[in-house]
Enquirer: 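Have a look at the structure that comes next, please.
Proteins come first, then strands; the chains are lettered A, B, ... in the order of their sequence lines, and each starts at number 1. These values consider heavy atoms only, across backbone and side chains, with no hydrogens, waters or symmetry-generated copies.
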There are 2 protein chains.
Amino acid sequence: MFKIGEIAKQAGVTTRTLRYYEQLGLFVPSNVNTNGYRYYNDDTLVVINRIRDLQRVGLSLEEIKDVIGLYFHQKKKVEAKEKTLNYLQVHLNDIDSKITLLNNVKKELKEQIQSTQSRLVQLKEKGRKNGGSKN
Amino acid sequence: MFKIGEIAKQAGVTTRTLRYYEQLGLFVPSNVNTNGYRYYNDDTLVVINRIRDLQRVGLSLEEIKDVIGLYFHQKKKVEAKEKTLNYLQVHLNDIDSKITLLNNVKKELKEQIQSTQSRLVQLKEKGRKNGGSKN
DNA sequence: ATTAACCTTATCGTTAAGGTGAAAGTAGGA
DNA sequence: TCCTACTTTCACCTTAACGATAAGGTTAAT
């Protein structure tokens with residue numbers, strides 16, 4: 001059991017951020033002392049990291065709130081399960097389209113790098129032939 | 001040549017958004033009339049779409065500003081070229097790590113879907129055998 | 001028992017990415 | 001010419017995701 005400052009440090013976030021996440025309903029402390037101190041275990045660390053990952057790839061905390069539970073507890077009733085299933089599918093599609101997007105960007109970047117590199121080589125060769133000055 | 005409202009419509013954004021992008025230095029109108037009216041051509045449409053794509057995958061407009069030019073004009077001096085090259089590489093690495101992240105999420109989602117689905121089937125079979133009630 | 005280093009809630013501030021509306025100038029079709 | 005539907009700048013408003021600071025309680029080692 002870690003106090004808030006400790007997991008904050010381990011997770012590389014501030015305590016403010018953790019309390020904010022809690023306020024949004026992203027998770028709750030593993031337990032709360034009578035004096036109000038929050039205590040967490042390693043599980044929370046995993047959750048925090050997942051949240052950060054999802055943020056990095058463009059999800060808002062609200063969106064994350066909607067999906068974060070899907071990863072971390074699956075004891076549900078039948079109706080809930082079918083709803084969850086739908087949600088997972090939609091989320092999966094969204095992710096797939098993002099991957100596609102990123103791959104496109106990646107491809108163009110690679111082409112740019114190629115062409116930039118070869119133009120650089122050309123320029124340098126030209127520079128070696130004549131005394132080299134302009135450009 | 002389109003007026004601002006027209007490409008806005010074509011791009012699926014508001015005119016405010018376009019002026020805001022311009023203000024941030026993401027692009028300039030293809031030309032500006034003496035009365036202040038902005039006019040754009042199809043090239044701008046491509047740029048806008050690229051910006052939106054990059055936003056979708058988690059880049060801020062400031063970050064986008066830094067890279068957007070790399071796609072759309074490559075007449076530069078040698079020093080500039082080498083700097084650009086570095087930037088492209090860094091950007092590429094970032095994108096690669098995002099793709100990796102998304103693929104991880106995707107994998108876990110698929111597993112979740114699998115297990116959720118099979119548990120659903122189990123529950124339904126159970127429901128068929130006995131009169132079915134709880135869960 | 002004191003003290004440094006934690007923790008609590010509460011509130012105000014900040015940045016990004018626009019939305020919204022005012023007041024005024026234009027375009028172009030009837 | 002006139003009217004409607006644009007367009008301009010300016011300024012204030014909003015939401016998300018925290019940062020910063022205040023004012024006070026707690027812990028644990030000395």
Enquirer: Do A:E108 and B:R50 meet the salt-bridge criterion of a basic N to acidic O distance under 4.0 Å?
Expert: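 Counted as a salt bridge, because a side-chain N and a carboxylate O are separated by less than 4.0 Å.
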Enquirer: Would you check if B:T17 and B:T14 make a side-chain contact, meaning some heavy-atom pair closer than 4.5 Å?
Expert: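 With C-beta onward as the side chain, the pair touches.
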Enquirer: Where the side chain of B:N49 meets the backbone of B:L45, is there a donor-acceptor pair that is under 3.5 Å apart?
Expert: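 Present.
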Enquirer: Side chain of B:T100, backbone of B:D96: donor and acceptor closer than 3.5 Å?
Expert: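 Present.
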Enquirer: Can you work out whether A:I4 or B:Y39 has the more 5'-proximal nearest nucleotide on DNA chain C?
Expert: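 Per heavy-atom nearest nucleotide, the more 5' residue is A:I4.
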Enquirer: Choose from C:dA27, C:dC7, D:dT8 the nucleotide whose nearest atom is closest to any side-chain atom of B:K3.
Expert: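 Taking heavy atoms from C-beta onward, the closest nucleotide is C:dA27.
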Enquirer: Roughly, in whole Å, what's the span from CG in B:L18 to C1' in D:dC6?
Expert: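 After rounding, the gap between these two atoms is 15 Å.
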Enquirer: Compare side-chain N and O positions of A:R38 against OP1 and OP2 of C:dC7 and report whether any pair is under 4.0 Å apart.
Expert: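 Answer is no, no contact under 4.0 Å.
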Enquirer: What does the B/S/- profile of nucleotides 16-23 of chain D look like, 5' to 3', with a 4.0 Å heavy-atom cutoff to protein?
Expert: -BBBB---
Enquirer: Does B:K3 offer a backbone N or O that forms a donor-acceptor pair with the side chain of B:E6 under 3.5 Å?
Expert: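 Flag set: sc B:E6 to bb B:K3 pair under 3.5 Å.
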Enquirer: Could you go through the salt bridge (charged side-chain N to carboxylate O under 4.0 Å, His left out) check for A:D94 and B:R56 one step at a time?
Expert: CA-CA 10 Å; A:D94 190 48; B:R56 271 206 70 222; 3.0 Å; yes
Enquirer: Round to a whole Å and report the spacing from CD of A:Q23 to P of C:dT11.
Expert: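 After rounding, the gap between these two atoms is 12 Å.
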Enquirer: Want to settle it: does A:Y40 or B:N33 sit nearer the 5' end of DNA chain C, counting the closest nucleotide to each?
Expert: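 It is A:Y40, whose closest nucleotide lies nearer the 5' terminus.
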Enquirer: Rounded off to whole Å, could you give me the CD-to-P distance for the B:E22 and D:dT8 pair?
Expert: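 After rounding, the gap between these two atoms is 9 Å.
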Enquirer: Check the phosphate of C:dA27 against B:N35, side-chain N and O only, distance under 4.0 Å to OP1 or OP2. Yes or no?
Expert: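 For C:dA27, OP1/OP2 do have a side-chain N/O of B:N35 under 4.0 Å.
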